[in-house]
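Here's the structure, in structure tokens; my notes come after.
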There are 2 protein chains.
Amino acid sequence: MLINATHQYRVEQKILVAVDCIIFGFDSKNLKLLLFRRKVEPLRGSWSLIGAFIKNDSSVLDGAKQILFECTGLEDVYLEELKTYGDVDRDPGERVISIAHYSLIRINDFELEHVEKFDARWFNLDEIPELILDHRQMVEDAIVKLKNKARHQPIGFNLLPEYFTIPELQTLYESIYQRELDPRNFRKKILSLDILNKTTKKDKSGSKKGAFLYCFNKEKFDTLIAKGYNFEI
Amino acid sequence: MLINATHQYRVEQKILVAVDCIIFGFDSKNLKLLLFRRKVEPLRGSWSLIGAFIKNDSSVLDGAKQILFECTGLEDVYLEELKTYGDVDRDPGERVISIAHYSLIRINDFELEHVEKFDARWFNLDEIPELILDHRQMVEDAIVKLKNKARHQPIGFNLLPEYFTIPELQTLYESIYQRELDPRNFRKKILSLDILNKTTKKDKSGSKKGAFLYCFNKEKFDTLIAKGYNFEI
DNA sequence: ACAAAAGTGTTTGATCTACACCCATGG
DNA sequence: CCATGGGTGTAGATCAAACACTTTTGT
């Protein structure tokens, strides 16, 4: 049935709509995924992405933001739509269309109390347990999207603390791309983009010599994008 | 409210879900967009994308395929999800979440009877009229996505007839990228990918000399992708 | 014979890759 | 004083961009 007129809408079928969130974090060693245990039947105890139904008075994006806030305590985090999962039988309970979103958060900002409250855990990408419904597919799709996105936009910074070292940034990109990068070439490339501010401070947690801390310079980056620069690492 | 158990679903709110289709075509000169006039009130006569509500017994993707078939007579065309438009007030009639899809079709396959039946018309991208709701935004988002996608995957072939010339292919890419390409470099690049089969036939409609017809070799392309090649034109 | 589009190669500069050593420091 | 990770430069290969003329044929 085509959309023709407002007064016809009433004869159409309404459907449950949910969002599910693929939440990535980075602990300065590995890229990680935040998973939650279902607390109730059915499938109680199974690992799953966090999700919520969309209410009539909430936009899809706000619904995703809200569930993210509820389960991590974080606002204003990187959040982007991934894909809609709309098969009729994807949820054995009832027909539910899920609009998956993925999010990149600074793992240290994440409040531990939420881990307790929601029975959540960070998993390395190569240790992801069995997930309910089509959540495993969502995760795989999100990883592919993250890899591609990271090549063209500096989203990596959303996963790092405000101040970070070049070796940390490199480790992050290595765990996203799943391959090793040459430290000299990586440093050269990232610095040539001129979107980092070097500080005079050093982080000595990783080595005795210590590595200079940098922060992301959003202004410079925005000018770069405005000029049509196709960022690629 | 979190998704916790099947038996809780019933208390959740159901919502109207629609798909809207951004249909691109190419007439060997210009990239075009297929738009439809609403036949009924309200907004009767306004230009709009074609859309349909998702039924309870149809997947989102099948819903999109079906409306595309109904309005173009075409099956098995390139169809990909674009983005969800989920603002609460985006439709003045009632709350509707729309999952926009975009499609690339061979304009010559398109049956003219459908143009009549649906009061449809092809528009050049720089002549798009005012559209209902957030359809203009959908179109803009689709154009951006098409541009990016075309850089990395050979989707252009979906817009061309089975047999096409190199200059035609170049014109297509020029109208997607909105900039001119060097004919020598373009030919060199596209042929170096080795995904085209040259025929012995010529198309003389574009010139007196005539240009050789090629067709897309999907097998070679698939091997290329399997090897992890990052196609880029 | 000429107009109009198809087709062809080379040179130059930019970018990516590979690669090896010294530096600073805490223990 | 030495083990550990941080930091630097260069040469060769590869790729992208710029660029001009010849070919074919319908009119």
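In what follows, every chain begins at residue 1, and chains take the letters A, B, ... in the order their sequences are listed. This structure is a prediction, so every number in the text was calculated from the model and none was measured.
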What is the distance, rounded to the nearest whole Å, between atom CG of B:N185 and atom C1' of C:dT12? 13 Å

NZ of B:K204 versus P of D:dT23: gap in Å, rounded? 17 Å

Nearest nucleotide by nearest heavy atom, which residue falls closer to the 5' end of DNA chain D, A:D182 or A:G206? A:G206

Can a donor-acceptor pair under 3.5 Å be found between the side-chain atoms of A:K188 and the base atoms of D:dT10? yes

Is it the case that the base of C:dA6 and the side chain of B:K209 share a donor-acceptor contact (distance under 3.5 Å, atom types as modelled)? yes

Between P of C:dA5 and CD1 of B:I166, the distance in whole Å: 18 Å

Taking for each residue the nucleotide of DNA chain C bearing the nearest heavy atom, is the 5' side occupied by B:Y214 or by A:K202? B:Y214

Nearest whole Å is fine: how far is D:dA18 C1' from B:F186 CZ? 17 Å

Please report the distance, rounded to the nearest Å, between NZ in B:K189 and P in D:dA18. 14 Å

Between the main-chain N or O of B:Q137 and the side-chain N or O of B:D134, is there a donor-acceptor pair closer than 3.5 Å? no

Can you see if the side chain of A:R187 gets near the phosphate of D:dT8 - specifically, an N or O under 4.0 Å from OP1 or OP2? yes

Atom-pair distance (CD on B:E180; C1' on D:dA18), nearest Å: 14 Å

Is B:E180 atom CD crowded by more than 12 heavy atoms from other residues, nucleotides or ligands, each under 6.0 Å away? no

Between A:K218 and A:F216, is NZ or CZ placed under 6.0 angstrom from the six-membered ring centre and within 45° of the ring axis? no

Measure the spacing between OG1 of A:T223 and CG of A:N217 and express it to the nearest 0.5 Å. 7.5 Å

Closest nucleotide of DNA chain C for A:E232 versus for A:K208: which of these residues is on the 5' side? A:E232

What is the distance, to the nearest angstrom, from the CG atom on A:D203 to the C1' atom on D:dG7? 15 Å

Interatomic distance, B:F212 CZ vs D:dT23 C1' [rounded to whole Å]: 12 Å

Side chain of A:S207 (C-beta onward), nearest among D:dG5, C:dT8, C:dA6: D:dG5

Answer yes if the ring centres of A:F157 and A:Y78 are under 6.0 angstrom apart, and no otherwise. no

